[in-house]
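Below is one structure; the comments refer to it alone.
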Amino acid sequence: MREEDLIRDLQVRNCPVCHHLERGMEDYFAELQGLLSRSEAARGDFADDGGLCPLHTWQLAQFSSPRGIARGHEALSRKLAERLEHLGDDCAAGQPVTLPRQSADGCRACRFLAEREASYVEAFCRFVGRNENLEHYRRANGLCLGHLRAVLAGTDDGARRAWLIRAAAERLREIGESMRQYDLKLGQLQRERLTPDEKDAYRRGLVMLSGERSVVSPFLKGR
């Protein structure tokens with residue numbers, strides 16, 4: 001990961017790690033859907049894997065046409081039907097059964113996201129470990145709390161960890177004030193006086209608190 005790429009990511013009005021992951025997942029889903037549409041072997045492997053977790057199943061669908069979804073999931077549906085038939089027989093015989101549900105460990109999209117996240121966080125820790133890069137970070141929106149936790153865990157310097165925590169506190173105070181002004185100006189019918197910071201404060205606040213919704217998986221550990 002090049003420093004110029006990290007600096008560019010810091011210029012977006014989002015958590016830079018979330019931004020990087022969001023772009024990566026878009027490319028991943030587009031490539032996966034194309035592969036499932038073209039290749040019978042890929043569809044067989046997808047079925048053998050058990051498909052994706054519930055969250056990533058729906059995210060993949062956003063990159064697919066109805067025909068693409070049908071083509072990509074037909075083999076998976078048949079394989080699951082066979083498995084359920086066997087489970088039905090076990091249930092009829094009085095055995096305890098558990099219906100299949102894809103986990104993060106089995107979901108290839110979850111694995112891709114976790115690996116990409118770990119690689120980027122490692123590069124980001126090195127980046128903020130250099131004093132000359134702190135001004136870039138200070139001007140940025142900053143890390144969401146989830147990725148701040150990850151960067152703090154990968155940073156040995158206690159003074160640097162304290163600096164990052166205080167930077168997050170400062171940014172959240174600024175966002176909170178922008179949200180207050182947003183609410184106040186709307187209440188006074190002064191929409192035309194809203195600043196860019198006030199207009200998107202609600203979204204930046206949600207990202208800071210919870211991360212970008214397209215890349216935060218409830219199935220990943222530690223998030």
Side-chain angles (χ1 to χ4, degrees), residues 5-30 52-63 104 107 109-110 112-114 116-121 123-125 127-128 134 136-155 161-223:
D5 295 328
L6 292 166
I7 292 172
R8 184 194 62 231
D9 288 345
L10 281 168
Q11 294 170 357
V12 302
R13 297 175 71 81
N14 197 354
C15 166
V17 185
C18 287
H19 174 71
H20 175 78
L21 295 178
E22 189 172 40
R23 288 184 299 151
M25 293 303 288
E26 288 173 356
D27 293 341
Y28 176 83
F29 285 128
L52 304 181
C53 70
L55 172 68
H56 288 136
T57 294
W58 282 106
Q59 289 187 351
L60 175 61
Q62 293 177 331
F63 290 81
C107 172
C110 281
F112 174 84
L113 177 62
R116 189 176 180 93
E117 181 179 54
S119 176
Y120 193 88
V121 166
F124 202 88
C125 288
F127 178 82
V128 296
L134 294 184
H136 293 294
Y137 187 84
R138 189 190 65 78
R139 294 198 302 265
N141 200 65
L143 296 163
C144 68
L145 293 183
H147 287 129
L148 176 59
R149 281 191 289 271
V151 169
L152 292 176
T155 302
R161 291 199 300 269
W163 188 92
L164 290 167
I165 292 171
R166 292 187 182 110
E170 179 181 359
R171 184 64 69 238
L172 280 169
R173 277 194 296 268
E174 292 172 356
I175 290 174
E177 176 59 22
S178 291
M179 286 193 283
R180 190 182 75 84
Q181 290 295 326
Y182 177 81
D183 179 51
L184 182 63
K185 289 177 182 178
L186 287 184
Q188 296 173 346
L189 303 180
Q190 296 178 338
R191 182 180 293 272
E192 71 283 354
R193 294 183 57 196
L194 289 171
T195 68
D197 281 346
E198 291 163 358
K199 288 179 181 178
D200 71 353
Y202 74 95
R203 188 184 187 284
R204 290 186 295 120
L206 290 179
V207 169
M208 283 284 288
L209 294 173
S210 301
E212 180 59 60
R213 64 179 178 178
S214 62
V215 296
V216 175
S217 172
F219 307 104
L220 292 180
K221 297 177 182 178
R223 297 301 307 277

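- Atoms NE2 and CG, from H136 and L6 in turn, are 10.5 Å apart once rounded to the nearest 0.5 Å.
- The pair R180-E177 counts as a salt bridge, with a side-chain nitrogen and a carboxylate oxygen less than 4.0 angstrom apart.
- R171 places a side-chain N or O within donor-acceptor distance of the main-chain N or O of A140, the cut-off being under 3.5 Å.
- E198 and S178 form no side-chain donor-acceptor contact under 3.5 Å, judged by distance and modelled atom types alone.
- Under the 3.5 Å distance criterion, the side-chain polar atoms of Q188 are left unmatched by any main-chain donor or acceptor of K185.
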Practice prompt. Please step through side chain to side chain contact (heavy atoms under 4.5 Å, CB included) for the pair I175 and M179, ending with a clear verdict.
Written response: CA-CA 6 Å; I175 290 174; M179 286 193 283; 3.8 Å; yes
Practice prompt. List the steps and the verdict of side chain to side chain contact (heavy atoms under 4.5 Å, CB included) for L60 and Y28.
Written response: CA-CA 9 Å; L60 175 61; Y28 176 83; over 6 Å; no
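- A side-chain contact (heavy atoms from CB on, under 4.5 Å) with V215 holds for exactly one of M25, E117, Q59; it is M25.
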Discussion item. For V151 and V121: C-alpha separation, side-chain torsions, deciding distance, then whether side chain to side chain contact (heavy atoms under 4.5 Å, CB included) applies.
Written reply: CA-CA 6 Å; V151 169; V121 166; 4.2 Å; yes
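- Interatomic distance, NE2 of H20 versus OH of Y120, reported as 6.0 Å (0.5 Å rounding).
- Electrostatic pairing of R23 and D9 counts as a salt bridge here, judged by a charged N lying under 4.0 Å from a carboxylate O.
- Although no hydrogens or angles enter the test, the distance criterion places no donor-acceptor pair under 3.5 Å between the side chain of T155 and the main chain of C125.
- Of the listed residues (L148, L143, L10), just one forms a side-chain contact (heavy atoms from CB on, under 4.5 Å) with C15, and that residue is L143.
- When all heavy atoms are compared, the tightest approach of C53 to C110 is SG-SG, 3.7 Å.
- Relative orientation of the F124 and Y137 rings is perpendicular, given thresholds of 30° and 60° on the angle between their planes.
- Taking CZ of R166 as the reference point, atom CZ of R138 lies at 15.5 Å (rounded to 0.5 Å).
- C107 SG to H56 NE2: the interatomic distance, rounded to the nearest 0.5 Å, is 5.5 Å.
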Worksheet item: Can you check side chain to side chain contact (heavy atoms under 4.5 Å, CB included) on H19 and V207, steps first, answer last?
Response: CA-CA 10 Å; H19 174 71; V207 169; over 6 Å; no
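- The minimum heavy-atom distance linking P196 with D200 is given by the pair O-OD1, 3.2 Å.
- Shown here is R191, whose CZ atom has no more than 12 heavy atoms of other residues, nucleotides or ligands within 6.0 Å.
- With values rounded to the nearest 0.5 angstrom, R193 atom CZ is found 12.0 Å from L186 atom CG.
- Electrostatic pairing of E212 and R203 counts as a salt bridge here, judged by a charged N lying under 4.0 Å from a carboxylate O.
- In this structure the side chain of Q11 reaches within 4.5 angstrom of the side chain of I7, judged on heavy atoms.
- Of all heavy-atom pairs between E22 and S214, the closest is OE2-OG, 3.0 Å.
- For the atom pair CG (L152) and CG (L164), the distance works out to 6.0 Å, reported to the nearest 0.5 Å.
- Scanning both residues, R204 and D197, for their nearest heavy atoms gives NH2-O, 2.9 Å.
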